[in-house]
Amino acid sequence: MHEYASAAGSVRALDDVSLAVAEGEFVSLVGPSGCGKTTLLRAAAGLLPSKPASLRVFGRSPDEARADRTMGLVTQDPGLLPWRSVADNVALTSEVTGSRVDVAALLARVGIERFAAFHPGELSGGMRQRVALARALAHRPRLLLMDEPFGALDELSREDLRLELLRIWERDRVSVLFVTHSIREAVLLSDRVVVMSPSPGRIVADVRVDLPRPRFLAMESEPAFAALVSVVRAALGGARPVGLSA
Ligand SMILES: Nc1ncnc2c1ncn2[C@@H]1O[C@H](COP(=O)(O)OP(=O)(O)OP(=O)(O)O)[C@@H](O)[C@H]1O
Ligand SMILES: [Mg+2]
């Protein structure tokens, strides 16, 4: 459970949420706006003042996991430093920690090796998100926490980045907890789609996606895909799907 205290009173953001992501598993989290998805991700990343004792990242507390970079976090806002080049943004955490990362290889993995010397202001939104992804991957995280990472992008960039993320995940088998407002995106990417209720968020459904891997965009037109989208949408039905789109 997590409560926020604010001038307007306290808000209970999460209520008895129990969620486990297996090693190498891709889990998406969907739910109406304000249900607590970001709160849950921030709790897992160790970024909230209250630290539930039951929260474990590969057997350790989020703080311990964060300290040795077991987790990578990507949010809707790429949060790049505008005065540093792409390469220097990706290298930033290693400068702080004194570790070494192969920046050129990381940029190649997310398809922006040609832009190493560019500055964030010279990139498109999709390219900036690729830089943020490269930065999150720099320390070979075992868990990637992603909060609507493609939410601010146009549909075509979004599709590109979905596929890019799938290919990276298929190769590295990093565990992923992925928040999205798109039911179709959740089904296309995930092994499981977890559905939350309106605030205070609870888990109301946990839908296994048994589509074959590797996944392709063309699968979206298959009946099995449509059936899964319907199941998730039905679970959200009771959950007032404000701002949700397929
Ligand atoms: N820093 C904060 N201080 C006080 N209340 C907060 C804070 N951050 C979030 N909340 C409240 O906690 C609840 C859950 O918010 P959260 O951001 O986790 O929702 P969400 O599911 O991520 O929504 P969205 O889909 O719109 O991103 C909301 O009622 C929100 O008002
Ligand atoms: Mg959010």
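Numbering of ligands and ligand atoms starts at 1, following listing order.
Scanning Gly36, Gly34, Ala43 for the heavy atom closest to atom 13 (C) of ligand 1 points to Gly34.
Remark: ligand 1 atoms within the under-4.0 Å shell around heavy atoms of Thr39 are 14 (C), 15 (O), 16 (P), 18 (O). Near Thr38, meaning under 4.0 Å from any of its heavy atoms, are these atoms of ligand 1: 17 (O), 18 (O), 20 (P), 22 (O), 27 (O).
For the side chain to side chain contact (heavy atoms under 4.5 Å, CB included) with Phe26, the lone residue among Leu165, Val209, Leu144, Val21 that qualifies is Leu165.
With respect to the salt-bridge test (charged N to carboxylate O, under 4.0 angstrom), the residues Arg167 and Glu170 qualify.
Note on ligand 1: His181 sits in its first shell, one or more heavy atoms being nearer than 4.0 Å. Every heavy atom of Arg42 sits 4.0 Å or more from the atoms of ligand 1.
You'll find the side chain of Val110 reaches within 4.5 Å of the side chain of Ile168, heavy atoms only. A 4.5 Å side-chain heavy-atom check between Asp88 and Trp83 finds every atom pair outside the cut-off. Between Asp191 and Arg213, the closest side-chain pair of non-hydrogen atoms falls below 4.5 Å.
At least one N/O/S atom of Thr38, from backbone or side chain, sits under 2.8 Å from the Mg ion (ligand 2).
Proximity of Glu148 to ligand 1, defined as any heavy-atom pair under 4.0 Å, is confined to the side chain (atoms from C-beta onward).
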